[in-house]
Amino acid sequence: MNTEQSTNKRHAGRPRAFDREQALHKAMELFWRHGFEGTSTSMLTHAMGISPPSLYAAFGSKEVLYQEAINYYIANYGNFMGKAFAADTNTREAVHQMLHNAAVQFAGGTTPTGCMVSTGVLHSAPDVAQVARHLTACRVSAREAILARLQLGQQRGEIPGDAELISLAGYFAATIQGMAIQAQDGASQASLAAIADLAMHAWPE
């Protein structure tokens with residue numbers, strides 16, 4: 001056997017390189033659809049195409065993998081808020097667009113329904129408390145982002161100066177969480193969009 005044939009044979013026998021981002025995407029879809037506790041390690045390794053030792057070598061633990069999957073979701077699917085707030089519109093239009101973007105995202109289609117952050121790990125066993133804390137921090141961060149956008153609008157004169165912005169931000173955050181739950185229960189995009197429209201009646205005049 002010549003050198004070229006020997007090299008080709010070694011290459012043919014090599015396993016495919018581990019695609020970390022693709023594996024993370026597969027894990028995200030499982031967690032999104034089944035939740036943290038509803039997704040077993042065997043489900044993850046099967047979907048990701050790796051062995052349990054490889055999963056732990058790449059991510060450390062199921063808990064760390066879940067947290068990375070949440071961050072991946074926020075960056076790639078849960079950015080409906082950032083898109084709305086980045087648009088060159090007034091604050092009311094930005095908030096309304098945020099709610100409509102959520103309706104489109106939560107209704108699913110090519111992705112699972114609902115929201116990984118809004119409904120993820122609301123109750124957990126003590127041994128996965130770190131996972132719950134991570135999700136709580138994500139939800140708090142979202143509410144604070146809404147509040148910051150409202151405060152900017154108030155500074156620009158788009159919201160009355162006496163409006164109670166903390167409660168208003170909490171209201172819109174709660175609306176998003178409720179829409180996510182209803183989407184998981186089968187609500188259509190149209191019904192979620194109707195909720196988004198109705199929520200805007202709380203806008204201070």
Not counting sequence neighbours, list each pair that qualifies as a ring pair (Phe, Tyr, Trp, His ring centres under 6.0 Å) and has a residue in residues 84-113.
Phe80-Phe106, His96-His100

Spell out, as yes or no, whether a donor-acceptor pair under 3.5 Å connects the side chain of Thr39 to the backbone of Gly35.
yes

Arg33 side chain reached by Met43 side chain, heavy atoms, under 4.5 Å:
no

Taking it one step at a time, do Thr45 and Ser42 satisfy side-chain hydrogen bond (donor to acceptor under 3.5 Å, both in side chains)?
CA-CA 5 Å; Thr45 54; Ser42 61; 5.8 Å; no

Residues in ring-ring contact (aromatic ring centres under 6.0 Å, His included) with Phe172, at least two apart?
none

Interatomic distance, His134 atom NE2 to Glu68 atom CD [nearest 0.5 angstrom]:
9.5 Å

Pairwise side-chain contact, Tyr77 with Val117, heavy-atom cut-off 4.5 Å (strictly under)
no

Please say yes or no: joined through hydrophobic side-chain contacts below 4.5 Å, possibly via intermediate residues, are Leu192 and Tyr171 part of one cluster?
yes

OG on Ser61 to CG on Leu55, rounded to 0.5 Å:
9.0 Å

Determine whether the side chains of Asn101 and Gln97 contain a donor N or O and an acceptor N or O closer than 3.5 Å.
yes

Pairwise side-chain contact, Trp32 with Cys115, heavy-atom cut-off 4.5 Å (strictly under)
no

Could you pull out every donor-acceptor pair under 3.5 Å between side chains of residues 142-154 and any protein atom, sequence neighbours left out?
{"from": "Arg149", "atom 1": "NH1", "to": "Thr91", "atom 2": "OG1", "distance (Å)": "2.8"}
{"from": "Arg149", "atom 1": "NH2", "to": "Thr89", "atom 2": "O", "distance (Å)": "3.1"}
{"from": "Gln154", "atom 1": "NE2", "to": "Pro160", "atom 2": "O", "distance (Å)": "2.9"}
{"from": "Gln154", "atom 1": "NE2", "to": "Gly161", "atom 2": "O", "distance (Å)": "3.3"}

How about Met98 and Ile176: do any of their side-chain heavy atoms sit closer than 4.5 Å?
yes

Met28 vs Met116, test: side-chain contact (heavy atoms from CB on, under 4.5 Å). Steps then yes/no.
CA-CA 9 Å; Met28 177 204 69; Met116 282 187 74; 3.6 Å; yes

